[in-house]
Amino acid sequence: MRVIQLGTTAYADSLFRAGELIAAARQGVAFTGAGISAESGIQTYRGQGGLWNTVDPKFASIDYFLSDPAGYWTNAKERGGRLLAARPNLAHEALAELERLGHLAGVVTQNVDGLHELAGTRRLVELHGNGRTVVCLDCGASEPRAGVQARLDREMPPRCRACGGGRLKPAVVFFGEQMPVRAVREAFDLAAACDLMLVVGSSLVVYPAAEVPLAAVEAGAPLIIVNAEPTPYDELAAVVIAGKAGEVLPELKRIAAAA
Ligand code: OAD
């Protein structure tokens, strides 16, 4: 395992080694977390500047949501606006390109920002749902969050138009809720069959999602970690690159494409 800092000769060696591993992969899987979207203006949960440093994680629990939907939506209003305005960055685009080039079979993400889809990733597994959509807990209808966001100023909490008053909740997995069964199965199937696991921008401390890269390692795939801060899996990795996803991923794509 090598931990390499940006700007050193060792950093260049490390980029090259990771790029070669990606070039050799035919069914690699990228596993992403909030860090990949930091350069798109979306706050991470942990680490420097993370949301949970200043906001109580209870606001993302289903118990809190059900007890006080207006409190939830008031708290989530600003973050929801930022999510809807965010655009994919160079890291999302590099992963989509690596899929097109035949090195990645797909992306498994913990993110709910929808940016991989906007970047053009074709096979995408969203383990924690998608915050660009809102669902009615009472009638099951769904609608784009943009419309709900636009009426928050005059309707708090927002109500379902389809059934005329049902409780609306972002289509994301809250603490205390089950993960989507089909997505979890697909993520572990991809991990078991992959020939490379590329982790980008995740603290790797939230389970069961963090078991996905572990399953790939147990199946024999080499692990690359690109993250701004150390993770508990660094010791398992063939290469660890400490850096910003938006700077590192385009370099890895360039090296892999040229190999
Ligand atoms: P975290 O916020 O836990 O971790 C993000 C990681 O990205 C941190 O280790 C940062 O150091 C790193 N980072 C920050 N900026 C970066 C950049 N520009 N490039 C590369 N790395 C960067 O996010 P996740 O691991 O995704 O769950 O968190 C997992 C889950 O915890 C989330 O899906 C969410 C949260 O509670 C649910 O909502 C269910």
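Every number for a ligand or one of its atoms is a count from 1 in the order of the listing.
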**Q** Under 4.0 Å from a heavy atom of E229: which atoms of ligand 1 are those, numbered in the order shown and with their elements?
**A**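 Here the atoms of ligand 1 in question are 10 (C), 11 (O).
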**Q** Are any side-chain N or O atoms of R100 and backbone N or O atoms of T121, one a donor and one an acceptor, separated by less than 3.5 Å?
**A** no
**Q** How close does the nearest protein non-hydrogen atom get to atom 33 (O) of ligand 1, and which residue and atom is it?
**A**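 Scanning the protein heavy atoms, the shortest distance from atom 33 (O) of ligand 1 goes to H128 ND1, 2.8 Å.
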**Q** Checking a contact table here: which protein heavy atom is nearest atom 5 (C) of ligand 1, and how many Å away?
**A** G201 O, 3.6 Å
**Q** Under 4.0 Å from a heavy atom of G33: which atoms of ligand 1 are those, numbered in the order shown and with their elements?
**A** 26 (O)
**Q** Taking 4.0 angstrom as the limit and counting only heavy atoms of N227, give me the atoms of ligand 1 inside it, by number and element.
**A** 6 (C), 7 (O), 8 (C), 9 (O), 11 (O), 12 (C), 21 (N)
**Q** Could you identify the single nearest non-hydrogen protein atom to atom 32 (C) of ligand 1 and state the distance to 0.1 Å?
**A** Y45 CE1, 3.5 Å
**Q** Return the residue, atom name and 0.1 Å-rounded distance of the protein heavy atom closest to atom 29 (C) of ligand 1.
**A**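 The closest one turns out to be Q110 OE1, 3.2 Å.
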**Q** Answer side chain, backbone, both or neither: which part of E39 comes under 4.0 Å from ligand 1, heavy atoms only.
**A**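 It is the side chain that touches ligand 1; the backbone stays farther off.
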**Q** So which heavy atom in the protein is nearest atom 28 (O) of ligand 1, and how far is it from that ligand atom?
**A**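 Going by distance alone, atom 28 (O) of ligand 1 is nearest to R46 NH1, 3.3 Å.
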**Q** List the closest protein heavy-atom neighbour of atom 30 (C) of ligand 1: residue, atom name, distance to the nearest 0.1 Å.
**A** V206 CG2, 3.6 Å
**Q** Please list, in number order, the atoms of ligand 1 under 4.0 Å from a heavy atom of T44.
**A**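 Selected atoms, number and element: 2 (O), 14 (C).
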**Q** Report yes or no: does F175 have a heavy atom closer than 4.0 Å to ligand 1?
**A** yes
**Q** Side chains of D234 and T231: donor-acceptor distance under 3.5 Å anywhere?
**A** yes
**Q** Determine whether a donor-acceptor pair (N or O, by modelled atom type, separation under 3.5 Å) exists between the side chain of E143 and the backbone of V148.
**A**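 The answer is no, because no donor-acceptor pair under 3.5 Å joins these two groups.
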**Q** With a 3.5 Å distance limit and no angle check, can you tell me whether S202 reaches the backbone of L204 through a side-chain donor-acceptor pair?
**A** yes
**Q** Look at atom 38 (O) of ligand 1 and say which protein heavy atom is nearest, naming residue and atom and giving the distance to 0.1 Å.
**A**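 Of every protein heavy atom, V173 O, 4.0 Å lies nearest to atom 38 (O) of ligand 1.
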**Q** Checking H92 against T32: is there a side-chain donor and acceptor pair closer than 3.5 Å?
**A**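 No donor-acceptor contact under 3.5 Å links the two side chains.
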**Q** Counting both backbone and side chain atoms, is some N or O of K244 under 3.5 Å from an N or O of ligand 1?
**A**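 By distance alone, the answer is no.
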**Q** Geometry only, no angles: is A34 polar-contacting ligand 1 at N/O separations under 3.5 Å?
**A**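 Yes: some nitrogen or oxygen of A34 is under 3.5 Å from one in ligand 1.
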**Q** So, H103 side chain and R26 main chain: donor-acceptor pair closer than 3.5 Å or not?
**A** no
**Q** Quick one: does L137's side chain get under 4.5 Å of L66's, heavy atoms only?
**A** yes
**Q** Report the C-alpha distance between R182 and E186 in whole Å, list the side-chain angles of each, state the deciding distance to 0.1 Å, and finish with yes or no for salt bridge (charged side-chain N to carboxylate O under 4.0 Å, His left out).
**A** CA-CA 6 Å; R182 195 186 300 171; E186 189 177 359; over 6 Å; no
**Q** Assign the ring pair F174 / Y72 to parallel, tilted or perpendicular, where the plane angle (0 to 90°) is split at 30° and 60°.
**A** tilted
**Q** Below the 3.5 angstrom mark, is there an N/O of A245, backbone or side chain, next to an N/O of ligand 1?
**A** yes
**Q** Keeping the roles fixed (side chain from R145, backbone from V134), state whether a donor-acceptor pair exists under 3.5 Å.
**A** no
**Q** Using the side-chain contact (heavy atoms from CB on, under 4.5 Å) definition, which of the options L90, N227, I241, V200 pairs with V248?
**A** I241
**Q** Using a 4.0 Å cutoff against the non-hydrogen atoms of S203, which atoms of ligand 1 qualify?
**A** 1 (P), 3 (O), 4 (O), 5 (C), 6 (C), 9 (O), 25 (O)
**Q** Please identify which atoms of ligand 1 are closer than 4.0 Å to at least one heavy atom of G243.
**A**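 What qualifies from ligand 1 is 19 (N), 20 (C).
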**Q** Distance to 0.1 Å, residue and atom name: give those for the protein heavy atom nearest to atom 21 (N) of ligand 1.
**A**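 Checked against all protein heavy atoms, atom 21 (N) of ligand 1 sits closest to A228 N, 3.1 Å.
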**Q** Quick one: sort the W52 and Y45 rings into parallel, tilted or perpendicular, breaks at 30° and 60°.
**A**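 Aromatic pair W52/Y45 classed tilted.
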